[in-house]
Amino acid sequence: MKISKIVELLGAEVVCGEDRLEEEVHSACGCDMMSDVLAFVKDQAVLLTGLCNLQVVRTAVMMDMKCIVFVRNKKPTDDILELARESDIVILTSPKRMYTACGVLYTNGLQGGTVAHS
Amino acid sequence: MSEPIRFHFDVDGDNFSSAGEASVQVKRMLRQIGISPDVIRKVSVAMYEGEINMVIHANGGDADVIVEPNKITIVLKDVGPGIADINLAMQEGYSTAPENVRSLGFGAGMGLPNMKRYTDDMKIESEVGVGTTVTMTVLF
């Protein structure tokens, strides 16, 4: 799925990384606990989260993710956007809640992918 | 690459939002010197969790990364409160982190287990009231 499709499906706003929307992503995870992302993510390129701080971007960097979706209209601060730009990570914000956002992407074909360390 | 390459960082303990800066830098540097992505992931995740721990529990400390031809060693040294029971601290879900850390996405008792999981060897030396040194090795 292209990131542009995620934007469309989630009614999202692109706040950073407008030039990377044609990139393909194949799996995603939804999580607010960054240690769990670090423990269980394997190759998921998209992180949906309701947590909105610098550690979300750093966690995504560590896991080589391409795109972060802040759900429930969380607005990232300038320092978050700066780090995302430096790290080539697309940032989206969506008004949808976590459960709905994940469900919409899943039913449209974006899989959960494999789990690391299972 | 015969001589080891060394990186040193002072981990600032005053500010949770800066926790992880050193790990992000290490990730970039390892990429520049051509280390494979799998190894970079292991090293940077393990160091990131360790860095977060140092900020939450020990008011920061020193982080050293030593790159050799077949392994990378990460040494995290703090002069924090120490770990009273290392076996207990290693259990998934056990945490002594304050509640506010949980609202920031950490403190779920996954840090040390994650560090062990991502490295080939992890050694914890700790004395209550003196400090903790964690040495992790990733082989390749």
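Residue numbering restarts at 1 for every chain, and letters A, B, ... go by the order of the sequence lines. Because the structure is a prediction, the values reported are computed rather than measured.
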Q: Can you measure from OG (Ser35(A)) to CZ (Arg102(B)) and round to the nearest 0.5 angstrom?
A: 11.0 Å
Q.
Take a 6.0 Å sphere around CG of Asp78(A) and say whether it holds more than 12 heavy atoms from other residues, nucleotides or ligands.
A. no
**Q.** Leu51(A) versus chain B, the contacting section by heavy-atom distance below 4.5 Å
**A.** side chain
Q: Nearest 0.5 Å please: distance from the CE atom of Met62(A) over to the CD1 atom of Ile40(B).
A: 11.0 Å
Q | Toward chain A, the part of Glu92(B) with a non-hydrogen atom under 4.5 Å | A | neither
Q. Should the heavy atoms of other residues, nucleotides or ligands under 6.0 Å from CZ of Arg28(B) be counted, would the total exceed 12?
A. yes
Q | Over all atoms of both residues, closest heavy-atom pair of Ser17(B) and Gln55(A) | A | O-NE2, 3.7 Å
Q) Do Arg41(B) and Asp43(A) sit within salt-bridge range, that is, some charged N less than 4.0 Å from a carboxylate O? A) no
**Q.** Per-residue contact mode, Ser103(B) against chain A (heavy atom under 4.5 angstrom)
**A.** backbone
Q | For chain A, the option from Met47(B), Arg117(B), Met110(B) that forms the most heavy-atom pairs under 4.5 Å | A | Arg117(B)
Q: Please look at Asp64(A) and chain B and tell me whether the side chain, the backbone, both or neither of the residue comes under 4.5 angstrom of a heavy atom of that chain.
A: both
Q) Are Val11(B) and Val101(B) in one and the same hydrophobic cluster, where Ile, Leu, Val, Met, Phe, Trp and Tyr link if side-chain heavy atoms are under 4.5 Å apart? A) yes
Q: Answer yes if Ile5(B) and Val43(B) sit in the same cluster of Ile, Leu, Val, Met, Phe, Trp and Tyr residues linked by side chain heavy atoms under 4.5 Å apart, and no otherwise.
A: yes
Q: Answer yes if Phe40(A) and Tyr106(A) sit in the same cluster of Ile, Leu, Val, Met, Phe, Trp and Tyr residues linked by side chain heavy atoms under 4.5 Å apart, and no otherwise.
A: no
**Q.** NZ/NE/NH1/NH2 to OD/OE distance under 4.0 Å, Glu51(B) and Arg58(A)
**A.** no
Q | Interatomic spacing from CG in Leu83(A) to CD in Glu21(B) - rounded to 0.5 Å | A | 8.5 Å
Q) Using links of under 4.5 Å between side-chain heavy atoms of ILVMFWY residues, direct or through other members, which residues join Val69(A) in one cluster? A) Met1(A), Ile3(A), Ile6(A), Val7(A), Leu9(A), Leu10(A), Val14(A), Leu21(A), Val25(A), Val46(A), Leu48(A), Val71(A), Val90(A), Leu92(A), Met98(A), Val104(A), Leu105(A), Leu110(A)
Q | For chain A, the option from Phe106(B), Tyr48(B), Tyr118(B) that forms the most heavy-atom pairs under 4.5 Å | A | Tyr48(B)
Q: Pick one of side chain, backbone, both or neither for Thr59(A), based on which atoms fall under 4.5 Å of a heavy atom in chain B.
A: both
(Q) Starting from Phe16(B), can I reach Met33(A) by hopping between I/L/V/M/F/W/Y residues whose side chains sit under 4.5 Å apart? (A) no
Q: State whether the number of non-hydrogen atoms from other residues, nucleotides or ligands found under 6.0 Å of Lys77(B) atom NZ is greater than 12.
A: no
Q. Do you reckon Val61(A) sits in the same ILVMFWY cluster as Ile33(B), going by side-chain contacts under 4.5 Å, direct or chained?
A. yes
